[in-house]
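Because the structure is a prediction, the values reported are computed rather than measured. When reading the values below, keep in mind they use all heavy atoms of this one structure, side chains included, and skip hydrogens, waters and symmetry mates.
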Amino acid sequence: MKFKGKTWKYGDNVNTDEIIPARYLNTSDPKELAEHCMEDIDASFAKGIEKDDIIVAQENFGCGSSREHAPISIKEAGVSCIIANSFARIFYRNSINIGLPILECKEAVKDVDKGDILEVDLSAGTVLNLTKNKFYKSSPFPEFIQELISAGGLMKWVSKTLPPVKGE
Amino acid sequence: MGMTITEKILAAHAVKKQGAISQVLPGELIEADLDFILGNDITAPIAISEFKAIEKEKGRELEVFDKERVALVPDHFTPNKDVKSAEQCKMLRDFSRKKNIKYYFEIGKMGVEHALLPEQGLVLPGDCIIGADSHTCTYGALGAFSTGVGSTDLAAAMIRGKAWFKIPESIKFVYKGKLNKWVCGKDLILYTIGDIGVDGALYKSMEFCGDVISGLAISDRLTMCNMAIEAGGKNGIIEPDEKTLNYVKNIAKRDYKIYKSDPDAQYADIREYDVSKIKPQVAFPHLPSNTKPAADADNIQIDQVVIGSCTNGRLQDLEIAAGILKGHKIHPYVRLIILPATQKIYAAAMKKGLFDIFLESGGIISTPTCGPCLGGHMGVLAEGERCVSTTNRNFVGRMGHVKSEVYLASPAVAAASAIKGRITDPEEIKIK
């Protein structure tokens with residue numbers, strides 16, 4: 001899985017109330033959620049985001065609520081991948097489960113400025129900053145997680161593993 | 001090698017592919033059988049849609065893995081705050097009826113999920129539990145492994161009764177000394193989060209122990225484990241003791257099992273606190289880790305006080321607040337909103353005469369709902385407004401306008417602040 005896009009950069013502890021405020025949680029429609037993505041931290045995001053853009057953030061990205069609306073809104077907005085120093089654990093699970101690519105890579109985060117163009121190879125765990133001409137490598141996901149990612153998310157994996165019934 | 005209580009519970013629930021698993025190590029990925037799962041009106045609609053998508057794909061109806069081990073609790077935007085919320089709740093109701101899910105809690109039986117399920121005896125010592133709500137970590141107070149997940153995990157668990165976990169490292173938090181007056185579980189957990197930060201326990205298990213924890217009521221223990229997620233923790237957990245067993249013995253809907261950490265269990269860190277140095281705490285905007293003693297707050301005028309939620313909406317919390325408010329009027333510029341967390345707590349508080357105290361002080365009493373905690377309804381803040389709240393998060397815009405402010409505190413600090421109209425240490429209030 002490879003992605004190329006321009007970056008949006010944020011700091012520590014970007015929380016799910018900022019990613020998708022609770023006032024929009026009376027729906028789970030991805031399109032509606034995407035229109036308000038990152039609204040309380042960066043009002044320019046939803047308007048300015050282009051397909052395949054990459055979010056880069058520092059520590060504990062996605063902390064707070066378990067709302068899957070947060071990664072759903074980011075994915076639907078067109079973000080190809082999130083790179084952070086660390087992710088809050090529920091956000092981490094949710095992203096993998098819905099097939100939103102994420103990567104922990106401190107070195108790459110440190111050097112990125114907003115607008116840099118990155119090329120990410122998820123299976124190899126590598127990041128190439130084309131703007132700064134720098135290359136980074138992070139550790140790959142454990143085998144089981146890679147299995148989930150390559151299946152296209154948890155439900156696709158579940159679907160494959162469901163026992164067949166007679167006549168199926 | 002010794003194991004922690006969290007490791008033991010996860011080892012006991014690990015899906016045994018090649019014989020029994022007697023030992024798990026931090027970092028290992030396992031699949032575990034689940035004793036109980038839950039979702040609410042915000043998270044379950046996505047899970048139900050995913051469940052239905054699989055049914056459509058397979059061209060057949062699927063059953064949930066166990067009709068008595070799934071709870072669907074419409075508590076966030078209920079009583080339905082608008083048409084869209086009503087539609088989301090209807091999804092839970094229709095799905096529960098269709099799949100014969102035993103524990104769907106309608107208005108009138110409903111409560112804030114993490115206050116409700118322990119009270120109903122549905123989450124028990126030794127359980128392995130996931131819930132599509134970040135505060136599912138609350139049940140660790142009863143000696144269960146319990147953690148928050150998202151909607152997709154809930155959907156998969158409704159079908160398979162299993163979830164994947166990375167075995168977390170554990171941090172041991174030891175509390176010693178004598179508690180100061182008015183200091184309760186909320187102050188201890190706020191102080192701890194202030195010490196280690198909002199990612200201080202990221203991916204890790206927080207094990208709370210020591211004489212002070214043994215002395216705490218179950219209500220305070222639930223408050224402490226409830227906020228493990230605010231330090232990034234995977235779960236909060238307290239070894240079951242006499243108090244735990246007394247709490248569950250008459251309400252347990254299933255068998256349960258007691259696990260305790262081995263003396264030689266491995267910890268990533270051990271932190272000790274002398275609680276005699278801890279005063280009533282307040283977490284200032286906009287992080288739960290931004291804590292200081294209430295007494296150090298510099299004349300911070302407030303507009304609203306909320307007492308309730310999965311963190312502090314239990315009977316004991318309401319009793320403490322009533323003890324302070326009795327015979328006092330709240331400040332004329334303050335709105336006091338009290339939300340008993342469940343129907344049972346609501347009835348008990350009314351019978352005990354607490355409602356009279358709240359009403360005479362100038363407060364209002366709401367039906368159980370998560371509403372104001374996440375800026376949903378029943379107390380949304382305007383631009384520039386400040387609220388002292390017994391809830392669990394004070395992120396930017398959490399309770400309303402992006403330029404409003406939330407100060408997290410115990411029921412005692414919240415009640416004292418309502419009287420004075422500014423952040424107040426309960427010591428300042430004359431008890432009548």
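- A heavy-atom distance below 4.5 Å is not found between the side chains of B/Thr152 and A/Asn94.
- When each of B/Ala156, B/Ser151, B/Gly131 is scored by its heavy-atom pairs under 4.5 Å with chain A, the top score falls to B/Ser151.
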request  = Kindly determine whether B/Leu62 and A/Leu162 satisfy side-chain contact (heavy atoms from CB on, under 4.5 Å), including the steps that lead there.
outcome  = CA-CA 10 Å; B/Leu62 295 170; A/Leu162 269 184; 4.2 Å; yes
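- Heavy-atom distances place the side chain of B/Leu29, and not its backbone, under 4.5 Å from chain A.
- Chain A is approached within less than 4.5 Å, heavy atom to heavy atom, by B/Leu374 from residues 369-384 of chain B, ordered by number.
- With 3.5 Å as the limit, one finds no donor-acceptor pair spanning the side chains of A/Glu68 and B/Thr43.
- Per-residue counts of heavy-atom pairs under 4.5 Å with chain B were compared for A/Ile145, A/Ile72, A/Thr16; the largest is that of A/Ile145.
- Of the residues considered (A/Gly64, A/Pro21, A/Ala22, A/Ala88), A/Gly64 shows the highest number of contacts with chain B, using heavy-atom pairs under 4.5 Å.
- For B/Lys403, the NZ atom sits in a loose shell: 12 or fewer heavy atoms of surrounding residues, nucleotides or ligands are nearer than 6.0 Å.
- Using a 4.5 Å cut-off on side-chain heavy atoms (C-beta onward), A/Asn26 and B/Val83 make no contact.
- Panel note: side chain A/Arg67, backbone B/Ser134; no donor-acceptor pair is recorded below 3.5 Å.
- Put simply, the side chain of A/Arg93 reaches to within 4.5 Å of the side chain of B/Phe165, judged on heavy atoms.
- Heavy-atom pairs under 4.5 Å with chain A peak, among B/Ile229, B/Asp41, B/Thr136, B/Val198, at B/Val198.
- Between A/Glu18 and B/Arg398, no side-chain nitrogen of the basic residue sits less than 4.0 Å from a carboxylate oxygen of the acidic one, so the salt-bridge criterion is not met.
- Within 6.0 Å of NZ in A/Lys156 there are 12 or fewer heavy atoms belonging to other residues, nucleotides or ligands.
- Contacts of B/Glu50 with chain A are made by both backbone and side-chain atoms, with heavy-atom separations under 4.5 Å.
- Judged purely by atom type and a 3.5 angstrom limit, B/Tyr203 uses its side chain to pair as donor or acceptor with the backbone of A/Phe87.
- Contact annotation for B/Asp82: only side-chain heavy atoms (C-beta onward) come within less than 4.5 Å of a heavy atom of chain A.
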key: side-chain contact (heavy atoms from CB on, under 4.5 Å) between B/Asp199 and A/Cys63, intermediate numbers included   = CA-CA 8 Å; B/Asp199 60 354; A/Cys63 65; over 6 Å; no
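- Under the 4.5 Å side-chain criterion, counting only non-hydrogen atoms from C-beta, A/Asp40 is not in contact with B/Phe395.
- Contact check for B/Phe51 versus A/Met155: no side-chain heavy atoms found under the 4.5 Å cut-off.
- Looking at heavy atoms from C-beta onward, B/His135 lies out of side-chain contact with A/Ser65 at the 4.5 angstrom threshold.
- Side chains of A/Asn97 and B/Asp153: a donor-acceptor N/O pair is present below 3.5 angstrom, by distance only.
- Chain B forms more heavy-atom pairs under 4.5 Å with one residue of A/Thr27, A/Ile90, A/Ile41, A/Asn13 than with any other, namely A/Ile90.
- Between A/Glu32 and B/Lys84, the closest side-chain pair of non-hydrogen atoms falls below 4.5 Å.
- The choice from A/Phe91, A/Tyr92, A/Phe144 that makes the most heavy-atom pairs within less than 4.5 Å of chain B is A/Phe144.
- Residues satisfying the salt bridge (charged side-chain N to carboxylate O under 4.0 Å, His left out) criterion with A/Arg89, sequence neighbours excluded, are absent altogether.
- In this structure, the portion of A/Thr161 lying under 4.5 Å from any heavy atom of chain B is its side chain and not its backbone.
- Considering only heavy atoms from C-beta on, A/His69 comes within 4.5 Å of B/Ile42 through its side chain.
- Enclosure of atom NZ in A/Lys137 by more than 12 non-hydrogen atoms of other residues, nucleotides or ligands within 6.0 angstrom is indicated.
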